[in-house]
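Report on the following structure.
Below, read A as the first sequence line, B as the second, and so on, with proteins coming before strands; counting in each chain starts at 1. All figures in this text were calculated on a predicted structure; none of them were measured in a lab.
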Amino acid sequence: MIRWRRMRNPHFAVRGLLRNIQGPCHGPMLTRISNNESVPSCSFTTGLRPKSSYRDTDLYSLNKKISHLIRTGRIFEARALFDSTKNRNTVTWNSMISGYVQRREMGKARKLFNELPERDIVSWNLMISGYISCRGSGYIEEGRKLFDNMPERDCVSWNTMISGYAKNGKMDEALRLFTSMPKRNVVSWNAMITGFLRNGNVVRAIEFFERMPERDAASLSALISGLIQNDELDKAARVLFEFGNKDEAKEDLVHAYNTLIAGYGQVGRVEEARHLFDHIPFYHEQSKEGNVTFKRNLVSWNSMIMCHVKVGDIASARELFDLMTERDTFSWNTMICGYVHSSNMKEASNLFGKMPNPDTLSWNTMISGFMEIGSLTLANDFFERMPQRNLVSWNSMIAGYEKNEDYNEAAKLFTQMLLEGEKPDRHTLSSVLSVCTGLVDLHLGMQIHQLVTKTVIPDVPIYNSLITMYSRCGAINQARTIFGKMKMQKDVISWNAMIGGYASHGFSKEAIELFEVMRRLKVRPTYITFISVLHACAHAGLVEEGRKQFKSMTCEFDIEPRVEHFAALVDIVGRHGQLEEAMDLINTMPCEPDTAVWGALLSACRVHQNVELARVAAEALMRLEPKSSAPYVLLYNMYADVGQWDDAAEIRMLMEKNNILKQPGYSWVDSVG
DNA sequence: GTAGGGTTAG
């Protein structure tokens, strides 16, 4: 038997329509797909209906109406129509069941199936396919039960069951069915290949592909895309070169090239992608309707531009873009996005201005670009002017304000968003939690937490934002509760947030203990982890522990100590009175000491009454922050304390000379706390 | 009315 199928149209909407056209087509582009095994025909499977009675015509249009309603998502109307008539046949029932199956409403599907007076193979197959697409092993067992109990099975039944097992990672069982089925067709083989690849068995997939008696476009497509998913790009390329030319469906072949170009692009292998792009073959095919040419298409160009953009090679991307004879919205958006990511908003704006019909994505890209370079006004201007906003537009604005630390504006916009009836998603909520952190607004934070609970299933980043929010707003116990509630795998940010929270609240012991837990669980710390850990050591006066941790950073984890770590270590040893060691550290550290480092030393000198070193530290601070009065004041007080009045007077004169106003309050003392 | 695959984006 030969199934006819239309050539795929690149436009999704049209494609969707085409897929639903039943029966023989007589369009201009037809491709032939053969089956090894004939599918048992029933009177309703062919478009060629016998000359029928009025009643049959009626039934036919009823069935058509029901499936149309289902296709357009109007299941209730479909059901109402179904219920309103007594004149139904098995196809009517099956259509209705199919509607429920597509929506995974297996309870309703099953009820109809049980009530169905005359089930045919399709009814059974529909139910099986419904069960196997539901997640959970119980469902696949239910499907299997039906499969075992059905009075008669066809190839579709077997193949459905096979792909069900393959989807659930049960390749043993899939293989058992595959070997025991009475007659296999190309779909059976393809399902096995897909299954192997989905479960990471590249070798078996290739073996099956080579062994199969007949291949079609889907076989090649399944193998290539599966290999790409298994990071076997080069194998995929080899398969494409070796088997691609034997494929009859040339449009599918271009498709495969495009897939592979995108695959290479994703991992930054632009040269290989470009090689493929440059070698997509041309085909001329003669058909009754005339010549058809297959060659690289718009998607090929767009994908290639995308590759260049991804690695930041805007010049090459632009070169291709300028060569294109036909561009779609995607081409423009990709190019604009490239400029946005290289912070070239001038060129991005230029292209945006020339673009024929910017869509919401184009506007959103511009907004995030302006936010990225801190042009809040321009971002807002675009946001106000755009004809149609979506959730991403709001999210980009809110996240943009948050990143630029304009927390009030971010909060205002969030309120406006809610007022306009837009529903926040996890991205919105995560940004808004950061806004609460920035505002140090525990009350607002708790409200957002409520909203999170009501609207999303929290993922790791959301939990992390919650921990940070609670911790920075002073609610360390709530932070601890959230941390404890995370049942999923915590990432290093979760650990850092909690350890940092403990450290900043003075819970040094908890911070260090939690770090030990993290190490035991083999979570790799980052430099941020060590800043918190060292601060905890400093705060608790754990000198040896601090030295040990500092050393382990390089020895054990290969993390280069940054100036923050040196500041903490200077603080640790300095507090303990080891001022010479602290000074040595400063003299030998590989990076330039900053105010936190000198500040730590100065504080230590004050506590341990070392005026000579205090002077060194204070002078360094005066150089780094010429306007700050703090080092002058501190040094003055120290001289006064030990009765060195001449030196104290000198400091006072220096202050006047340098025009330093005695202003209290400055941060370097806090910044090492 | 049922089974296998599939390109590009925030």
Side-chain angles (χ1 to χ4, degrees), chain A residues 8 10 12 15 22 33 35 39 42 44-45 63-64 66-67 70 89-99 101-102 120-130 132-133 154-164 166-167 185-195 197 216-226 228 249 251-252 254-263 265-266 296-307 309-310 328-338 340-341 359-369 390-393 395-396 399 427:
Chain A
R8 256 67 49 76
F12 293 115
R15 227 172 76 181
Q22 298 302 312
I33 300 168
N35 261 353
V39 175
C42 84
F44 304 111
T45 50
N63 293 346
K64 254 185 98 164
I66 288 182
S67 49
I70 287 168
N89 65 5
T90 305
V91 174
T92 326
W93 286 83
N94 287 349
S95 305
M96 206 55 236
I97 290 175
S98 155
V101 159
Q102 278 163 36
D120 65 5
I121 292 196
V122 175
S123 328
W124 289 88
N125 289 348
L126 270 167
M127 289 305 296
I128 296 173
S129 94
I132 64 139
S133 327
D154 66 3
C155 221
V156 176
S157 328
W158 288 89
N159 292 343
T160 307
M161 220 40 242
I162 287 174
S163 87
K167 272 187 196 130
N185 64 12
V186 68
V187 177
S188 326
W189 288 87
N190 290 350
M192 288 303 291
I193 291 171
T194 311
L197 289 166
D216 65 6
S219 326
L220 188 67
S221 181
L223 184 59
I224 287 178
S225 65
I228 293 172
E251 195 188 305
D252 282 316
V254 176
H255 206 87
Y257 269 93
N258 293 347
T259 311
L260 204 45
I261 289 171
Q266 224 109 69
R296 18 181 218 218
N297 56 24
L298 200 50
V299 176
S300 324
W301 284 88
N302 289 346
S303 303
M304 198 56 233
I305 291 178
M306 186 81 249
C307 294
V309 162
K310 215 157 230 162
D328 65 0
T329 314
F330 194 97
S331 330
W332 287 92
N333 284 348
T334 309
M335 211 50 238
I336 291 174
C337 186
V340 161
H341 280 138
D359 64 359
T360 305
L361 194 133
S362 328
W363 288 89
N364 290 347
T365 309
M366 293 301 290
I367 288 174
S368 66
N390 63 13
L391 183 57
V392 179
S393 325
N395 287 350
S396 308
H427 301 283

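A/Thr334 comes within contact range of no nucleotide atom at all, as no heavy-atom separation falls under 4.0 Å. Using a 4.0 Å heavy-atom criterion, one finds that A/Leu126 contacts the sugar-phosphate atoms exclusively. Residue A/Asn390 is classed as a base contact, given a heavy-atom separation below 4.0 Å to a base. No contact: A/Ser368 has no heavy atom under 4.0 Å from any strand. The residue A/Thr160 sits close only to the backbone: its heavy atoms come under 4.0 Å of sugar-phosphate atoms, none of a base.
Distance A/Met127 CE to B/dA3 C1': 16 Å, rounded to the nearest Å. We find that CG of A/Asp359 is positioned 10 Å from C1' of B/dA9, with the value rounded to whole Å. Atom P of nucleotide B/dG10 and atom CG of A/Asn364 are separated by 12 Å, given to the nearest angstrom. Atom-to-atom, CG of A/Asn302 to C1' of B/dT8 comes out at 6 Å; the value is rounded to the nearest Å. Residue A/Trp124 contributes atom CH2, which lies 14 Å from atom C1' of B/dT2 at whole-angstrom precision. At whole-Å resolution of the value, CG in A/Asn258 and P in B/dG5 are 19 Å apart.
Using modelled atom types, one finds a donor on one side chain and an acceptor on the other under 3.5 Å when comparing A/Asn364 with A/Asn390. The closest side-chain donor-acceptor pair between A/Asn159 and A/Asn190, if any, does not fall under 3.5 angstrom.
You'll find that the side chain of A/Ser163 is closest to B/dA3, out of B/dA3, B/dG5, B/dG10. Picking from B/dT8, B/dG5, B/dG10 the nucleotide with the shortest atom distance to the side chain of A/Ser221 gives B/dG5. The nucleotide whose nearest atom lies closest to any side-chain atom of A/Val187 is, among B/dA9, B/dG5, B/dG4, B/dG4. For A/Ser129, whose side chain is taken as the heavy atoms from C-beta onward, the closest listed nucleotide among B/dG10, B/dT8, B/dA3 is B/dA3.
The only member of A/Asn297, A/Thr334, A/Asp328 that meets side-chain hydrogen bond (donor to acceptor under 3.5 Å, both in side chains) when paired with A/Asn302 is A/Asp328. A/Val156 pairs with exactly one of A/Val122, A/Asn125, A/Ile121 by the side-chain contact (heavy atoms from CB on, under 4.5 Å) rule, that one being A/Asn125.
Below the 3.5 angstrom threshold, one finds a donor paired with an acceptor across the side chain of A/Asp216 and the base of B/dG4. The base of B/dG4 is not paired with the side chain of A/Asn185 by any donor and acceptor separated by under 3.5 Å.
Neither OP1 nor OP2 of B/dT8 sits under 4.0 Å from any side-chain N or O of A/Lys310.
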